[in-house]
Amino acid sequence: LPTTVTLDRQHRVAAAFAIFPEGMEEDLAASVDKALGRAHAAAKPAREAGPVVPSEIGLARRLLASGRAAEAYDALLPVLKSPAPSPDGLLVACEALLFLGKTEEAAARGEEAFKAGQASPRASLLMGRGRTLQGRYQEAETLLKAAAKTPEADQARYRLGQLYERHGRKDPALSEYRAALESSHGP
């Protein structure tokens with residue numbers, strides 16, 4: 001990961017920054033001034049920073065994208081062990097657990113994310129996948145249909161196709177597969 005390190009006068013690491021959210025420049029300048037033992041004067045009022053995504057979540061997303069679900073889940077453990085895990089971290093954990101075939105654990109993480117206020121299209125998609133694997137088909141269909149009306153439409157429609165195919169409903173399955181292909185390639 002790109003990391004900026006500030007050293008003190010004895011060349012020891014005084015601070016390290018691995019992510020750079022908006023407004024980080026001021027924090028970095030203050031850290032450098034402190035490490036060098038000089039007074040820091042704020043240059044301008046700090047801009048309101050957007051939400052900071054813990055570096056563990058970013059790392060877990062990259063590991064998942066490269067097919068390394070077990071490592072992704074392990075990277076999330078510090079986030080998941082916190083008193084109030086972030087809903088985003090819970091969703092990434094849910095996805096990693098689904099890839100690992102740990103359906104019940106994935107469902108639990110997904111439920112935690114929903115309770116923490118993360119009722120997003122991604123959450124609906126992941127929960128729909130989990131419900132399908134649990135055999136809770138009515139709930140899965142409801143969640144996937146909700147996700148199919150969002151930017152996650154291509155994946156949700158593909159998962160709906162799989163759900164219908166499992167039930168021997170070939171025509172609706174083919175219809176959803178076609179819709180998934182159309183939405184992934186655009187009109």
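When all heavy atoms of R166 and L133 are compared, the closest pair comes out as NH2-CD2, 3.7 Å. Residue A153 comes nearest to A148 through the heavy atom pair CB-O, 3.3 Å, listed as atom of the first residue, atom of the second, then distance. The minimum heavy-atom distance linking S86 with I57 is given by the pair OG-CD1, 3.3 Å. Contact detail for V79 and P85: the closest heavy-atom pair is O-CB, 3.5 Å. Nearest heavy atom pair, residue G130 against residue L98, reads CA-CD2, 3.9 Å. The shortest non-hydrogen separation linking P172 to R169 is CD-O, 3.3 Å.
In this structure F99 satisfies the ring-ring contact (aromatic ring centres under 6.0 Å, His included) test with no other residue, sequence neighbours excluded.
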Run E104 and Q134 through side chain to side chain contact (heavy atoms under 4.5 Å, CB included) and show every step you take. CA-CA 8 Å; E104 296 305 319; Q134 290 176 310; 3.2 Å; yes

Mind running side-chain hydrogen bond (donor to acceptor under 3.5 Å, both in side chains) on R122 and Q155 for me, showing each step along the way? CA-CA 10 Å; R122 188 81 185 143; Q155 293 180 43; 3.1 Å; yes

Before you tell me yes or no, could you show the steps for R109 and Y73 under side chain to side chain contact (heavy atoms under 4.5 Å, CB included), namely the whole-Å CA-CA distance, both residues' side-chain angles and the distance that decides it to 0.1 Å? CA-CA 12 Å; R109 293 298 183 186; Y73 188 78; 3.3 Å; yes

Could you walk me through whether Q162 and L144 pass side chain to side chain contact (heavy atoms under 4.5 Å, CB included), step by step? CA-CA 11 Å; Q162 288 181 317; L144 292 171; over 6 Å; no

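The aromatic rings of Y158 and Y177 are tilted relative to each other, their planes meeting at an angle between 30° and 60°.
At distances below 3.5 Å, at least one donor-acceptor pair connects side-chain atoms of T132 with backbone N or O atoms of G128. Using a distance-only test at 3.5 Å, with no hydrogens or angles considered, a donor-acceptor pair links the side chain of T142 to the main chain of Q138.
The hydrophobic clustering, which links ILVMFWY residues whose side-chain heavy atoms are closer than 4.5 Å, places M127 and Y137 apart.
Taking CG of L160 as the start and OG of S175 as the end, the distance is 10.0 Å to the nearest 0.5 Å. The CG atom of L76 sits 11.5 Å away from atom NZ of K81, with the distance rounded to the nearest 0.5 Å. Here the SG-CG distance, from C94 to L126, works out to 5.0 Å after rounding to the nearest 0.5 Å. With rounding to the nearest 0.5 angstrom, the CG atom of D74 is 11.0 Å from the CZ atom of R68. In this structure, the separation between CG on L163 and CZ on R157 is 13.5 Å, given to the nearest 0.5 Å. To the nearest 0.5 Å, the span separating CG on L91 from CD on E112 amounts to 10.5 Å.
In this structure the side chain of E165 never reaches within 4.5 angstrom of the side chain of L174, judged on heavy atoms.
The salt bridge (charged side-chain N to carboxylate O under 4.0 Å, His left out) pairs that include a residue from residues 123-150 are E111-R131, R131-E139, R136-E139, E141-K145, where partners are two or more places apart or lie in different chains.
Salt bridge absent: D154 and R159 never bring a charged side-chain N and a carboxylate O closer than 4.0 Å.
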